[in-house]
Amino acid sequence: MENDFAGLFLRALAGLSPDGGEDECFRGREAARNAAIGRMALSTGLRRQEFTYLLTTEVPALPPAPTALPIPFPVAAGITKGRKYRTTWIDYAALAEVHGYMDLFRPSRPRVHHGARLRAGESRSW
């Protein structure tokens, strides 16, 4: 995809106008998620099937410091074409944007309550 079009595509997903300002006509939801996932799709080159079944736990960890080198992005054999494990790459900025969304809106672990177990029909006030 041409860089100019890719930039326009990502700005549209983020709810921005072509010049990067806020688009008053934008009526979408989850603009931050859309932009992060769109950037990840462009950066990794994941196929539609791979992208659809990707779990948050399969997204590589963010390196502690920004790097100019691409980061390996393993793709599980269960979701790849031909059921063969493969590795693709993602740039640091795209991965950081995805992790920013995941950290804010998709906690990787459910909240755990370390108390008495609930039985069916019981409730607990938090």
Side-chain angles (χ1 to χ4, degrees):
M1 182 179 293
E2 295 290 329
N3 286 336
D4 291 344
F5 184 74
L8 184 63
F9 172 70
L10 292 174
R11 284 191 293 275
L13 287 175
L16 303 175
S17 65
D19 64 356
E22 187 175 343
D23 186 354
E24 299 296 326
C25 298
F26 181 73
R27 298 288 181 254
R29 298 179 352 185
E30 305 292 343
R33 177 201 61 195
N34 297 344
I37 298 305
R39 177 174 274 194
M40 184 179 86
L42 290 175
S43 178
T44 61
L46 288 174
R47 295 177 177 99
R48 182 176 46 190
Q49 176 180 331
E50 296 166 348
F51 189 73
T52 301
Y53 294 105
L54 184 69
L55 302 174
T56 56
T57 56
E58 296 172 326
V59 175
L62 190 63
T67 176
L69 297 174
I71 299 157
F73 193 111
V75 186
I79 62 173
T80 59
K81 183 177 179 181
R83 300 240 180 238
K84 293 182 181 178
Y85 173 86
R86 73 182 184 99
T87 300
T88 186
W89 305 90
I90 187 168
D91 66 75
Y92 183 87
L95 187 59
E97 194 171 344
V98 170
H99 274 276
Y101 168 73
M102 288 179 2
D103 291 344
L104 287 175
F105 299 104
R106 297 279 181 151
S108 60
R109 289 187 290 257
R111 290 183 4 186
V112 177
H113 178 72
H114 299 287
R117 193 172 200 165
L118 286 178
R119 291 182 173 39
E122 292 180 343
S123 64
R124 177 180 291 140
S125 63
W126 298 95

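The residues of the chain are indexed from 1 along the displayed sequence.
- Contact annotation: the side chain of Leu95 approaches that of Val59 to within less than 4.5 Å [non-hydrogen atoms, C-beta and beyond].
- Interatomic distance, OG1 of Thr44 versus CD1 of Ile71, reported as 12.0 Å (0.5 Å rounding).
- Between Pro60 and Pro74 the shortest heavy-atom distance is CG-CD, 4.4 Å.
- Side-chain contact check for Leu54 versus Met40: some heavy-atom pair is nearer than 4.5 Å.
- Taking CG from Leu8 and CD from Glu2, the interatomic distance works out to 12.5 Å, rounded to the nearest 0.5 Å.
- With a 6.0 Å radius and a threshold of 12 heavy atoms from other residues, nucleotides or ligands, Tyr53 has its OH atom at or below the threshold.
- Put simply, CG on Asp91 and CG on Leu69 are 11.5 Å apart, with the number rounded to the nearest 0.5 Å.
- Each of Arg83, Arg86, Lys81 was evaluated against Glu50; a single residue qualifies, Arg86, per the salt bridge (charged side-chain N to carboxylate O under 4.0 Å, His left out) test.
- Here the closest heavy-atom approach between residue Glu58 and residue Ala76 is recorded as OE2-CB, 3.9 Å.
- No side-chain donor-acceptor contact under 3.5 Å links Arg39 to the backbone of Ala94.
- Residues Ala35 and Leu10 share a closest heavy-atom pair of O-CD2, 4.0 Å.
- Counting all heavy atoms, side chain and backbone alike, Thr67 lies closest to Tyr92 at O-CB, 3.6 Å.
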Exercise for the section: Report the C-alpha separation of Phe51 and Ile79 in whole Å, then their side-chain angles, then the decisive distance to 0.1 Å, and conclude whether the side chain to side chain contact (heavy atoms under 4.5 Å, CB included) test is met. Expected result: CA-CA 9 Å; Phe51 189 73; Ile79 62 173; over 6 Å; no
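- Interatomic distance, Gln49 CD to Thr80 OG1, rounded to the nearest 0.5 Å: 7.5 Å.
- Side-chain heavy atoms closer than 4.5 Å link hydrophobic residues (I, L, V, M, F, W, Y) into clusters, and following such links, possibly through other members, connects Leu46 to Leu62.
- Contact record, Ala77 with Tyr85: CB-N, 3.6 Å, taken as the closest heavy-atom pair.
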